[in-house]
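So the structure is just underneath, and the comments pick up after that.
Here, residue 1 is the first one in the sequence, and each next residue gets the next number.
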Amino acid sequence: MKKNLLIILGLVVILGASSPLTVFASDCGQNLTGAESINQSAFEEMINEIETIKSENPGLSEDEILKLMDDRHSSSPNERGLIDIWNSLTDSEKKLCIRYPFDALKVNTARNIATEQTERKFGYSGLGDRSDAFRHGIWNAEMTVLIGKEKAELFATAHEDKDVTGDESDGYPKTAHRDMDLHNNEVGRAIGEQNKDASEDEMADIIYQDIYSETTQFVWLHD
């Protein structure tokens with residue numbers, strides 16, 4: 001069921017008022033974008049680097065570690081992969097990677113599951129459409145299974161901590177995309193909480209069937 005923008009914004013306001021952990025941080029077009037997943041071994045390398053810094057410098061604050069990682073991965077051509085991964089994260093996501101490194105690995109696992117299942121179900125991974133809603137839903141459902149609902153909300157909300165100036169490539173405001181994503185993240189976490197024993201494929205089927213039902217709570221901006 002296609003939902004219009006006014007319904008989306010209204011639902012997000014309601015969810016924001018009822019969810020104490022939801023912070024309306026800014027968003028740009030990086031909503032688990034395109035069909036891009038982050039290679040798990042490369043992500044592990046980044047997490048290992050963070051852990052090494054923390055063990056060798058126990059007195060460093062979270063902000064100091066963030067600055068050190070930013071400095072290390074600003075322009076080195078020999079570490080292009082790590083630079084791309086680190087700089088694809090919002091500052092809020094980076095801080096959560098520093099604070100909860102092993103949970104961050106599971107978050108990336110869930111992200112890759114979401115990308116794979118979206119491509120499997122839809123044949124593509126779109127922006128602002130039903131496939132986008134599905135992708136965010138299953139990402140949050142799988143995060144909820146792997147790290148619990150509260151931490152899943154922290155990581156999902158941190159992902160939206162971006163600039164929302166202007167429009168996305170589909171012509172809709174970036175604020176509308178952010179609100180859509182925050183809402184669908186919430187719906188996905190609820191489904192994950194209710195289906196903790198579901199396999200990846202079963203979770204994908206549950207969300208896919210839900211998103212095509214007349215009573216779905218998922219929302220999207222266009223077909």
Side-chain angles (χ1 to χ4, degrees), residues 1-22 24 27 29-37 106-160 168 170 172 175-223:
M1 178 187 299
K2 183 177 180 180
K3 315 289 185 178
N4 65 31
L5 184 56
L6 290 176
I7 293 176
I8 292 169
L9 296 176
L11 288 171
V12 172
V13 168
I14 292 170
L15 283 169
S18 62
S19 178
L21 284 178
T22 299
F24 279 78
D27 174 40
Q30 294 178 337
N31 30 302
L32 210 63
T33 48
E36 295 181 16
S37 57
K106 295 176 182 179
V107 168
N108 193 60
T109 295
R111 173 185 176 128
N112 291 341
I113 290 170
T115 300
E116 178 184 347
Q117 290 291 349
T118 302
E119 292 173 343
R120 183 176 298 175
K121 291 294 188 183
F122 291 87
Y124 63 94
S125 190
L127 176 65
D129 60 4
R130 200 189 305 248
S131 73
D132 191 351
F134 173 89
R135 186 176 62 247
H136 277 266
I138 190 168
W139 178 45
N140 278 263
E142 291 295 340
M143 280 198 294
T144 297
V145 170
L146 293 172
I147 64 174
K149 190 175 181 180
E150 289 191 358
K151 283 186 178 176
E153 184 167 1
L154 289 176
F155 276 93
T157 304
H159 184 68
E160 304 302 329
E168 262 299 349
D170 61 357
Y172 285 80
T175 51
H177 279 276
R178 174 203 61 196
D179 294 346
M180 168 188 158
D181 293 344
L182 287 169
H183 173 76
N184 290 330
N185 291 346
E186 182 80 10
V187 176
R189 287 191 296 273
I191 292 175
E193 187 78 4
Q194 295 163 6
N195 298 276
K196 289 184 176 180
D197 294 327
S199 68
E200 295 169 18
D201 288 341
E202 288 170 341
M203 189 73 79
D205 287 341
I206 290 167
I207 293 175
Y208 188 79
Q209 290 169 12
D210 183 295
I211 211 168
Y212 274 96
S213 73
E214 288 295 317
T215 58
T216 186
Q217 294 184 52
F218 286 105
V219 294
W220 51 94
L221 299 174
H222 55 83
D223 292 324

(message) Apply side-chain contact (heavy atoms from CB on, under 4.5 Å) to residues His177 and Asp170 and explain how you reach the verdict.
(response) CA-CA 10 Å; His177 279 276; Asp170 61 357; 2.8 Å; yes
(message) Quick check: do Met203 and Ile191 have side-chain heavy atoms less than 4.5 Å from each other?
(response) yes
(message) I'd like to know if Arg135 and Asp132 make a salt bridge, using a cut-off of under 4.0 Å between side-chain N and carboxylate O.
(response) yes
(message) For Phe218 and Phe134, I'd like to know if the aromatic rings sit close, meaning centre-to-centre distance below 6.0 Å.
(response) no
(request) Might you point out which heavy atoms bring Asn185 and Ala156 nearest each other, and give the distance in Å? (result) ND2-CB, 3.7 Å
(request) Answer yes or no: is there a side-chain heavy-atom contact under 4.5 Å between Lys121 and Asp205? (result) yes
(message) Testing the basics here: between Gly126 and Ser131, what is the closest heavy-atom pair and its distance to 0.1 Å?
(response) N-OG, 2.8 Å
(request) Determine, step by step, whether His183 and Glu186 satisfy the side-chain contact (heavy atoms from CB on, under 4.5 Å) criterion, reporting the C-alpha distance in whole Å, the side-chain angles of both residues, the deciding distance to 0.1 Å, and the verdict. (result) CA-CA 5 Å; His183 173 76; Glu186 182 80 10; 5.6 Å; no
(request) Taking all non-hydrogen atoms of both residues into account, name the closest pair between Ala152 and Ile147 and its distance. (result) N-CD1, 3.7 Å
(message) I'd like to know whether Trp139 forms a side-chain contact (heavy atoms from CB on, under 4.5 Å) with His159, so could you lay out the CA-CA distance, the side-chain angles of the two residues, the decisive distance to 0.1 Å, and finally the verdict.
(response) CA-CA 12 Å; Trp139 178 45; His159 184 68; 3.8 Å; yes
(message) Within this structure, what is the OG1-CD1 distance for the pair Thr216 and Ile211, rounded to the nearest 0.5 Å?
(response) 5.5 Å
(message) Under 3.5 Å, is there a donor on one side chain and an acceptor on the other for His222 and Asp129?
(response) no
(request) Find out whether Tyr208 and Gln117 are in side-chain contact, i.e. whether some heavy atom of one side chain is under 4.5 Å from a heavy atom of the other. (result) no
(request) Check whether any side-chain heavy atom of Arg189 lies under 4.5 Å from a side-chain heavy atom of Met143, and answer yes or no. (result) no
(request) Would you mind checking if Glu153 and Lys149 are paired as a salt bridge, meaning a charged N to carboxylate O distance below 4.0 Å? (result) no
(request) Check whether any side-chain heavy atom of Glu119 lies under 4.5 Å from a side-chain heavy atom of Thr115, and answer yes or no. (result) yes
(message) Determine whether a donor-acceptor pair (N or O, by modelled atom type, separation under 3.5 Å) exists between the side chain of Thr118 and the backbone of Ser125.
(response) no
(request) Determine the minimum heavy-atom distance between Gly128 and Trp220, stating which atoms define it. (result) O-CB, 3.7 Å
(message) Are Asn195 and Glu202 packed together at the side-chain level, in the sense that at least one heavy-atom pair is separated by less than 4.5 angstrom?
(response) no
(request) Tell me whether the guanidinium CZ or amine NZ of Arg111 lies under 6.0 angstrom from the six-membered ring centre of Phe155 and within 45° of its axis. (result) no
(request) Look up atom CG in Leu146 and atom CG in Asn108, then write down how far apart they are to the nearest 0.5 Å. (result) 11.0 Å
(request) Please report the closest heavy-atom contact between Glu193 and Thr144, naming both atoms and the distance. (result) OE1-CG2, 3.5 Å
(message) Rounded at 0.5 Å granularity, tell me how far CD1 in Ile113 sits from CG in Asp201.
(response) 9.5 Å
(request) Verify, without hydrogens or angle tests, whether Asn184 (side chain) and Val219 (backbone) share a donor-acceptor contact under 3.5 angstrom. (result) yes
